[in-house]
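A short worksheet on the structure shown next.
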Amino acid sequence: MKKRLTEPEFHEAIKGLDVGSQTLEIARGVLIDGKPQKEFAASMGLSTGAISQAVKRVWAAHEESNLPEGYVRVSAILPEHRAFIVKKWAEDARKKRQHKK
């Protein structure tokens, strides 16, 4: 699946995001305009890893701002048996969200 955003989704994702104009230019070109990351690497003289990192920062912000109502993202360090339970809950929640689509 190719990662793409609409203009409003992009603006929502970058709201409050502390990144430079070059990162925004790269992310906009890849996520909105659909340009290949390799194209930016060549034209800007940057590594493909740097281009990928720029896109990932904005994409991660989009995913964080695009949670369904009533959901929150959590990160925790847990004992293995508790982590197993939490992973099951996450899978159940994912399935419920997919059935609602």
Side-chain angles (χ1 to χ4, degrees):
M1 175 189 83
K2 199 169 190 179
K3 295 177 181 176
R4 296 295 299 267
L5 294 177
T6 63
E7 189 75 34
E9 288 171 333
F10 183 80
H11 283 287
E12 186 64 30
I14 64 170
K15 198 183 305 180
L17 193 61
D18 187 23
V19 295
S21 59
Q22 187 176 45
T23 296
L24 295 177
E25 178 187 350
I26 293 165
R28 173 184 296 283
V30 173
L31 296 172
I32 294 177
D33 301 333
K35 294 180 182 173
Q37 291 187 23
K38 287 181 181 181
E39 182 179 311
F40 278 99
S43 69
M44 297 180 121
L46 298 171
S47 69
T48 53
I51 301 298
S52 177
Q53 225 19 57
V55 174
K56 282 181 184 177
R57 287 211 47 204
V58 173
W59 186 259
H62 163 70
E63 285 186 322
E64 192 63 36
S65 68
N66 200 32
L67 293 174
E69 187 175 330
Y71 285 78
V72 295
R73 186 175 312 278
V74 297
S75 174
I77 298 173
L78 302 167
E80 191 173 333
H81 68 281
R82 293 197 182 201
F84 176 81
I85 294 167
V86 171
K87 287 176 184 178
K88 287 297 224 181
W89 291 344
E91 180 62 21
D92 290 347
R94 184 188 64 75
K95 286 178 182 176
K96 286 179 184 177
R97 288 192 322 270
Q98 282 183 337
H99 288 309
K100 288 182 180 180
K101 289 182 179 181

Pairwise side-chain contact, Ile14 with Val19, heavy-atom cut-off 4.5 Å (strictly under):
no
Taking the hydrophobic residues Ile, Leu, Val, Met, Phe, Trp and Tyr, and joining any pair whose side-chain heavy atoms are under 4.5 Å apart, which ones share a cluster with Leu67?
none
Can you pull the side-chain hydrogen bond (donor to acceptor under 3.5 Å, both in side chains) pairs that have at least one residue in residues 8-17, sequence neighbours excluded?
Thr6-Glu9, Glu7-His11, Glu12-Lys15
Sequence neighbours left out, what passes side chain to side chain contact (heavy atoms under 4.5 Å, CB included) with Ser21? Give chain and number order.
none
Shortest non-hydrogen contact between Ala13 and Ala61, atoms and distance
O-CB, 3.3 Å
Given Glu80, Lys87, Lys88, the one that forms side-chain contact (heavy atoms from CB on, under 4.5 Å) with Phe84
Lys88
Using the test side chain to side chain contact (heavy atoms under 4.5 Å, CB included), find all partners of Ala90 that sit at least two apart in sequence or belong to another chain.
none
Report, one line per pair, each donor and acceptor closer than 3.5 Å where one atom sits in a side chain of residues 71-79; sequence neighbours left out.
{"from": "Arg73", "atom 1": "NE", "to": "Glu64", "atom 2": "OE1", "distance (Å)": "2.8"}
{"from": "Arg73", "atom 1": "NH2", "to": "Glu63", "atom 2": "O", "distance (Å)": "3.4"}

Do other residues, nucleotides or ligands put more than 12 heavy atoms under 6.0 Å from Asp18 CG?
no
The criterion is side chain to side chain contact (heavy atoms under 4.5 Å, CB included); which residues satisfy it with Glu91, sequence neighbours excluded?
Arg94, Lys95
Taking all atoms of both residues into account, what is the closest heavy-atom pair of Arg4 and Trp59, and its distance?
O-CZ3, 3.7 Å
Rounded to the nearest 0.5 Å, what's the gap from CG on Leu46 to OG on Ser52? Could you check?
12.5 Å
Validation: residues 33-44 side-chain donor-acceptor distances under 3.5 Å, sequence neighbours left out:
{"from": "Ser43", "atom 1": "OG", "to": "Glu39", "atom 2": "O", "distance (Å)": "3.1"}
{"from": "Ser43", "atom 1": "OG", "to": "Phe40", "atom 2": "O", "distance (Å)": "3.4"}

